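Quick caveat: nothing in here was measured; it's all calculated off a predicted structure.
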Amino acid sequence: MLKYGAKGTEMKPFSAFVCVCLAGWCLGQEASVPPPQEEPPFKIVIEEVPVTNAAPETLAVAATNAPPQRLAAEPPPQEEPDPVPNCAHALAIPQGYSQEVLMLQIFLDRHNFSCGVIDGVWGGGSREAMRAWQIAHGRRPTQWVDVPLYADIATMPEPIAAYTITEADAALVSGPLPPTWAERARMSLMGYESLGACLAERFHTSERTLRRLNPGIANWPEDLAAGVTLNVPNVRMAALERPASLVIALEECVLAGYDREGTMVLRFPCSVARRKAKLPEAGEVTVRNMAPAPNYTYDPVSYGQDPSVGKMVVPAGPRNPVGSRWIGLSLPGYGIHGSPRPNTVGRPESMGCFRLTNWNVEKLFELIRVGTPVRLLWALPQTFVPDAPEAKPEQGEAPDHA
């Protein structure tokens, strides 16, 4: 007797017979079904669709109904034009240190539109120097490097060069400056505090930037010595053009030179008097005298110290308070000179004179002569041809920076 389920439920003989018959019929039906036919592979047809101004739906219908067309023979290869530089970066100005900013600063420095210290960091000094260069060359000033300027920078020859340290470089190092003026007056040279500082100033940059360009120097500046080769900003190819006149913008802390047609040919950051009482009146003066390696007379009265100490003469050198060059003006007590601290140039910082970085004052020294006119203005003009002097703005009135 057949049993089903865990409880042993009995099935009648007739019911069992019906189940066996149904199972046999199902197996027979499965055997009679023919096996599936293998479908042929897809046929892909690519047709050339002419480009028209029709709507997308029209093009789709045309592509479906168009008869197959015979492709024309491939034209012979033609010489490709110079590629347009990819300036997608223009939408995002680099933050922090950037190789693009470094290349821009080197380019501007070569053309005498200095941003100050070449450090690869974007800021107001780099932006204004770039915009001034663009205007001077008949271009639209931009907030960041545009395609034409990017192309100029890309074709700049050898922006980074190899330089081997010489014994002459090492001879310019005199160590840390002593704290008192009496000790400084006894020195034979107001030289650099280290070889790293010497090389940074020689190539218009900072020690931090030199370290970035030379990661193989493990101990800085201890491993620097004569015979060591470094990667440095190549600033030796500056294009020099003699200015017919100079302008010092007292409010903007900039010195600029213009040719006889009034076009700006150089632009340097410039420090002016920290105390407003020391700022001269707007007007015109001239270059009165020039000294290539000036010493400095220390007067304790100028520093608010005891006059009984007496005046002392500090020797020449790049760390001299007036730097490596002196350009005296016809305005008594005022001159254009270098600075022992290049990173401070470009803001109200001096005792009264006009400070440039040593490398920029050395350029200017070679370009001008005694008698060159110097106009003191409150804002820097885009173009300048000497005529009537500019009036000083009244107290509380902001100067026009247009």
**Prompt:** Checking Thr205 side chain against Ile118 main chain: does a donor-acceptor pair fall under 3.5 Å?
**Reply:** yes
**Item:** Heavy-atom closest pair, residues Arg140 and Asp146
**Value:** O-OD2, 4.4 Å
**Prompt:** Tyr163 pairs by side chain to side chain donor-acceptor pair (under 3.5 Å) with which of Asp169, Thr229, Asn234?
**Reply:** Asp169
**Complete:** Correct closest heavy-atom pair for Gly191 and Ser174 would be N-OG, 2.9 Å
**Message:** Does Val235 form a side chain to side chain contact (heavy atoms under 4.5 Å, CB included) with Trp359? I'd like the steps, not just the answer.
**Reply:** CA-CA 10 Å; Val235 294; Trp359 58 83; over 6 Å; no
**Prompt:** Have Thr209 and Asp119 got a donor and an acceptor in their side chains that come within less than 3.5 Å?
**Reply:** no
**Prompt:** Less than 4.5 Å apart, any side-chain heavy atom of Tyr334 and any of Val374?
**Reply:** no
**Message:** Surrounding CD of Glu183 (heavy atoms of other residues, nucleotides or ligands, distance under 6.0 Å), is the total greater than 12?
**Reply:** yes
**Asked** Is the shortest heavy-atom distance from the side chain of Pro233 to the side chain of Leu213 under 4.5 Å?
**Response** yes
**Fill in**
CZ of Arg347 to CZ of Arg274, rounded to nearest 0.5 Å, is 10.5 Å
**Between OG on residue Ser271 and CD1 on residue Ile336, distance to nearest 0.5 Å** = 12.5 Å
**Prompt:** Is the backbone N or O of Leu329 less than 3.5 Å from a side-chain atom of Asn289, with the two atoms forming a donor-acceptor pair by type?
**Reply:** no
**Message:** Out of the candidates Glu201, Arg341, Arg184, only one should pair with Arg319 under the side chain to side chain contact (heavy atoms under 4.5 Å, CB included) rule; please name it.
**Reply:** Glu201
**Prompt:** What do the steps show when you test Leu266 against Phe113 for side chain to side chain contact (heavy atoms under 4.5 Å, CB included), and what is the final call?
**Reply:** CA-CA 5 Å; Leu266 63 85; Phe113 282 72; 5.6 Å; no
**Prompt:** Relative to each other, are the rings of Phe107 and Trp133 parallel, tilted or perpendicular (30° and 60° limits)?
**Reply:** perpendicular
**Message:** Between Thr344 and Ser339, is there a side-chain heavy-atom distance shorter than 4.5 Å?
**Reply:** yes
**Prompt:** Out of curiosity, Glu241 CD to Met264 CE, how far, rounded to the nearest 0.5 Å?
**Reply:** 12.5 Å
**Close side-chain approach of Lys311 to Tyr298, heavy-atom, < 4.5 Å** = no
**Asked** Judged by atom type as modelled, is there a donor-acceptor pair below 3.5 Å linking the side chain of Arg242 to the main-chain atoms of Leu367?
**Response** yes
**Request:** May I have the step-by-step check of side chain to side chain contact (heavy atoms under 4.5 Å, CB included) for Thr297 and Asp299, ending in yes or no?
**Result:** CA-CA 6 Å; Thr297 301; Asp299 186 353; 5.6 Å; no
**Asked** Say you draw a straight line from SG of Cys253 to CZ of Phe268; how long is it, rounded to the nearest 0.5 Å?
**Response** 16.0 Å
**Prompt:** Salt bridge check: are Asp152 and Arg139 linked by an N-O gap of less than 4.0 Å?
**Reply:** yes
**Fill in**
Closest heavy-atom pair, Ser194 versus Pro221, reported as atoms and distance to 0.1 Å, is CB-CG, 4.1 Å
**Fill in**
Closest non-hydrogen atoms of Trp378 and Ala282, given as atom of the first, atom of the second and distance, are NE1-CB, 3.4 Å
**Asked** Does any N or O in the side chain of Thr164 come within less than 3.5 Å of the main-chain N or O of Gly227, such that one atom is a donor and the other an acceptor?
**Response** no
**Request:** Taking atom CZ of Arg208 as the centre, report whether more than 12 heavy atoms of other residues, nucleotides or ligands fall under 6.0 Å from it.
**Result:** no
**Check: Arg288 side chain, Gly328 main-chain N or O, donor-acceptor pair, under 3.5 Å** = no
**Prompt:** Pro294 and Ser324: which non-hydrogen atoms are nearest, and at how many Å?
**Reply:** CD-O, 3.6 Å
**Cationic N near anionic O, under 4.0 Å, Asp109 to Arg236** = no
**Message:** Between Glu251 and Ala379 (side chain of the first, backbone of the second, donor and acceptor by atom type, cut-off under 3.5 Å), is there such a pair?
**Reply:** no
**Message:** Using side-chain heavy atoms (C-beta onward) and a distance below 4.5 Å, is Tyr258 in contact with Leu246?
**Reply:** no
**Item:** Any donor-acceptor N/O pair, Asn219 side chain to Asp223 backbone, under 3.5 Å
**Value:** no
**Flag, side chain of Asn214 to backbone of Asn231, donor-acceptor distance under 3.5 Å** = yes
**Asked** Hey, does His204 have a side-chain heavy atom less than 4.5 Å from the side chain of Val117?
**Response** no
**Message:** Using the ring centroid of each side chain, check whether Trp326 and Phe365 are separated by less than 6.0 Å.
**Reply:** no
**Message:** Donor-acceptor pair, distance only, cut-off 3.5 Å: does the side chain of Asn358 make one with the backbone of Pro318?
**Reply:** yes
**Asked** Given side chains that start at C-beta, do those of Arg202 and Leu172 come closer than 4.5 Å, heavy atoms only?
**Response** yes
**Asked** Pro340 versus Tyr296: any side-chain heavy-atom pair under 4.5 Å?
**Response** no
**Request:** Measure the spacing between CD1 of Ile165 and CG of Leu199 and express it to the nearest 0.5 Å.
**Result:** 4.5 Å
**Fill in**
Rounded to the nearest 0.5 angstrom, the CG-CE distance for Leu104 and Met130 is 6.5 Å
**Message:** Set out, in order, the CA-CA distance, both residues' side-chain angles and the distance that settles side chain to side chain contact (heavy atoms under 4.5 Å, CB included) for Thr142 and Gln134, then state yes or no.
**Reply:** CA-CA 8 Å; Thr142 58; Gln134 289 171 320; 2.9 Å; yes
**Fill in**
Of all heavy-atom pairs linking Gly335 and Cys353, the shortest is O-CB, 3.3 Å
